[in-house]
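Accompanying notes for the structure given below.
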Amino acid sequence: MSKLKRVHPVKAPMIVVSGSCIKFDKERQKIMEFIEELEWGAHTKSNCECSSDGSALGWDFFHLYFNPEFVERLLEVHPDIEKEEGHMIEQQFVLWISRKLKKKKLEYYLKLRDVPYESTQGFRLNPENYRDDSELEKLR
């Protein structure tokens with residue numbers, strides 16, 4: 001038996017967006033002000049986090065962490081998010097944010113990094129919907 005006291009994280013899964021800019025220390029304040037504007041427009045809190053991921057060759061890299069509920073709320077307020085190119089809502093959201101930032105003369109290179117997925121155990125199909133007694137007779 002282990003004597004280690006393990007604490008498992010209870011933080012909700014987040015949509016992770018990676019970005020790059022020059023002089024992140026100055027730009028972080030502008031990014032957070034933009035997110036506060038989105039919160040104000042959606043009438044909700046985002047619990048968004050913006051943290052540095054290091055720097056290389058003159059570029060500073062950062063991560064933005066968005067709560068999926070906040071993105072859903074933004075979809076209700078801004079249905080034009082779904083008009084962006086992309087296969088997933090999260091991709092469309094990142095493209096929409098990039099476009100909005102460029103309108104404010106804030107140029108960052110944003111990319112979808114991670115999307116929370118529901119963890120499943122095995123198959124989730126209901127067998128009652130996919131076979132009937134006649135198929136069972138064929139298998140005998």
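Residues: numbered from 1 along the sequence shown.
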Taking D60 for the side chain and K23 for the main chain, is one N or O donor matched with an acceptor at less than 3.5 Å?
yes
Value for CD (E72) from CD1 (I81), rounded to nearest 0.5 Å, stands at 11.5 Å
Review point. Using the ring of each side chain (for Trp, its six-membered ring), is F66 parallel, tilted or perpendicular to F70, with breaks at 30° and 60°?
Key: parallel
message = Do W59 and F24 land in one hydrophobic cluster if side-chain heavy atoms of ILVMFWY residues count as linked below 4.5 Å?
response = no
*asked:* Can you tell whether the side chains of E33 and K30 come within less than 4.0 Å, N to carboxylate O?
replied: no
Side chain to side chain donor-acceptor pair (under 3.5 Å) test vs E84 passes for just one of R99, Q91, Q92, namely R99
**Prompt:** Under 4.5 Å between side-chain heavy atoms, hopping through other hydrophobics if needed: is there a path connecting V94 to F61?
**Reply:** no
Rounding to 0.5 Å, atoms CD (E27) and OG (S52) come to a distance of 13.0 Å
Checklist entry - Linking I/L/V/M/F/W/Y whenever their side-chain heavy atoms sit closer than 4.5 Å, directly or via other members, would I15 and M32 fall into one cluster? => result yes
Would you say M88 ends up clustered with I97 if hydrophobic residues are merged whenever their side chains have heavy atoms under 4.5 Å apart, either directly or through other cluster members?
yes
So CZ of F34 and CD of E39: to nearest 0.5 Å the spacing works out to 11.0 Å
From the list I35, I31, V17, side-chain contact (heavy atoms from CB on, under 4.5 Å) partner of C50 resolves to I31
_Applying a strict under-4.5 Å side-chain criterion to I, L, V, M, F, W and Y, I'd like to know whether I22 and Y109 cluster together._
yes
Interatomic distance, CD1@I89 vs CG@L74, rounded to 0.5 Å, equals 12.0 Å
**Request:** Spell out, as yes or no, whether a donor-acceptor pair under 3.5 Å connects the side chain of R73 to the backbone of A42.
**Result:** yes
- Any chance you could lay out the side-chain contact (heavy atoms from CB on, under 4.5 Å) test for L110 and F62, step after step, and finish with the verdict? CA-CA 9 Å; L110 300 179; F62 61 91; 3.9 Å; yes
**Verdict with supporting geometry, W96 and K100, side-chain contact (heavy atoms from CB on, under 4.5 Å)** = CA-CA 6 Å; W96 180 79; K100 290 288 187 184; 3.4 Å; yes
dist E85:CD -> L95:CG (nearest 0.5 Å) comes out at 7.5 Å
Taken to the nearest 0.5 Å, the spacing of L101 CG from C21 SG works out to 11.0 Å
Check your understanding: Side chains of E82 and L75: closer than 4.5 Å at any heavy-atom pair?
Key -> yes
query: Do K104 and E37 meet the salt-bridge criterion of a basic N to acidic O distance under 4.0 Å?
result: yes
Taking every heavy atom of E90 against every heavy atom of L112, the minimum-distance pair comes out as CB-CD2, 3.8 Å
Of all heavy-atom pairs linking M14 and N47, the shortest is CE-O, 3.6 Å
